[in-house]
Amino acid sequence: MRLNRDFYSANALKLAPRLIGKKLVRIIGGKKLTARIVETEAYYGPEDKACHAYRNRRTKRTEVMYYPGGYSYVYLIYGMYCCLNIVCGPPESPQAVLIRAVEPLNNIDVFMKNRKGNAAKLQMANLTNGPGKLCQAMNIDHKLNGLDLIKNTDLYILNGNSPPKLVSAPRVNINYAQEYCNKLWRWYDPESIFVSVKKKNKCTQNYKPSIT
DNA sequence: AGCAGGATCCGCT
DNA sequence: GCGGATCCTGCTT
């Protein structure tokens, strides 16, 4: 079952932990690549200094963040890598969840072929343990920006089980975000070897999802 | 029209 | 641990 609009309409702080364990699906070249989401980060709209839509910044690039929950937001970073985000919350509320790491579940040979360089071959985890790496491995680029994941046939997310444990930690590489760089807005499955940054610091803690 | 900087990764030390 | 690759975005002029 695909996730529905209701699921994606939660705010980023709620959706990010809930996406752990869900299955990202990418259809490419007649093959279906499936991967379990193991690490996410929330970008919490106009108040969040690390968010592209901080202070309601609205440009050609950030426009999709104002779409209803459930659309894709893919952008280029450092001139060479793409990052996949899931737009969330109600329409006109520019929030998103960055998919930072996944675990390939099938067609591993295709993931491997899509990754460039030798590092990917050295160890399995290197295939998809980072936002740029997973986009490369699953052939996700700017052409997949602004898609409705509820209807689209090339990229979507299926339901899946939450892991037994979940950890929250500070987000990665947002040092410019001042007081927001210490928010525990990154979540990951501590049992997965595909998590990009597992180093614990004083902020890292176990996360208990709330019912509401 | 020009410029500074970035939600990253890789290879080398 | 470090620096280079590489180019789009957004802001300034």
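These numbers were taken from a predicted model, which means no experiment stands behind them. The chains referred to below are lettered A, B, ... by the order of the sequence lines, with proteins before strands, and numbering in each begins at 1.
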I need the [atom1]-[atom2] distance between [X] and [N], as an integer number of Å.
| X | N | atom1 | atom2 | value |
| --- | --- | --- | --- | --- |
| Lys49(A) | dG6(B) | NZ | C1' | 18 Å |
| His142(A) | dT8(B) | NE2 | P | 19 Å |
| Trp187(A) | dA7(B) | CH2 | P | 18 Å |
| Tyr180(A) | dA7(B) | OH | P | 17 Å |
| Asn114(A) | dC9(B) | CG | P | 16 Å |
| Asn85(A) | dT8(B) | CG | C1' | 14 Å |
| Gln95(A) | dA7(B) | CD | P | 18 Å |
| Asn175(A) | dG6(B) | CG | C1' | 12 Å |

Please answer whether the main-chain N or O of [Y] pairs with a side-chain N or O of [X] as donor and acceptor at a distance below 3.5 Å.
| X | Y | result |
| --- | --- | --- |
| Arg36(A) | Lys22(A) | no |
| Tyr66(A) | Asn56(A) | yes |
| Asn106(A) | Lys32(A) | yes |

If the C1' atom of dG3(C) is compared with that of dG5(B), how far apart are they to the nearest Å?
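These two C1' atoms come out 16 Å apart once rounded.
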For [N], does OP1 or OP2 lie under 4.0 Å from any side-chain N or O of [X]?
| X | N | result |
| --- | --- | --- |
| Asn173(A) | dA7(B) | no |
| Tyr81(A) | dG6(B) | no |
| Arg100(A) | dT8(B) | yes |

Tell me whether Arg55(A) at atom CZ has more than 12 heavy atoms from other residues, nucleotides or ligands lying less than 6.0 Å away.
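No, the 6.0 Å shell around CZ holds no more than 12 heavy atoms from other groups.
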Opposite nucleotide pairing with dT6(C), Watson-Crick or G-U, both atom distances under 3.5 Å
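Paired with dT6(C), as far as the under-3.5 Å criterion goes, is no nucleotide at all.
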So which nucleotide does dA7(B) pair with, by the Watson-Crick or G-U wobble rule with both distances under 3.5 Å?
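Paired with no nucleotide.
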Under 4.0 Å, heavy atoms only, any strand: does Leu98(A) hit a base, just the sugar-phosphate, or nothing?
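Base, at least one base heavy atom under 4.0 Å.
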Just by protein heavy atoms under 4.0 Å, how would nucleotides 7-12 of chain C read 5' to 3' in B, S and -?
BSSSS-
Partners of Glu47(A) by salt bridge (Lys or Arg N to Asp or Glu O under 4.0 Å), sequence neighbours excluded?
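Here no residue qualifies.
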Between atom CD1 of Ile99(A) and atom CD of Glu39(A), what is the distance when rounded to the nearest 0.5 Å?
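So the CD1 of Ile99(A) and the CD of Glu39(A) are separated by 10.0 Å.
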Report the relative orientation of the aromatic rings in Tyr71(A) and Tyr67(A); use parallel for angles under 30°, tilted for 30 to 60°, perpendicular for over 60°.
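Aromatic pair Tyr71(A)/Tyr67(A) classed perpendicular.
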Proximal nucleotide (of dT8(B), dC10(B), dA7(B)) relative to the Tyr75(A) side chain:
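Looking only at side-chain atoms, Tyr75(A) lies closest to dA7(B).
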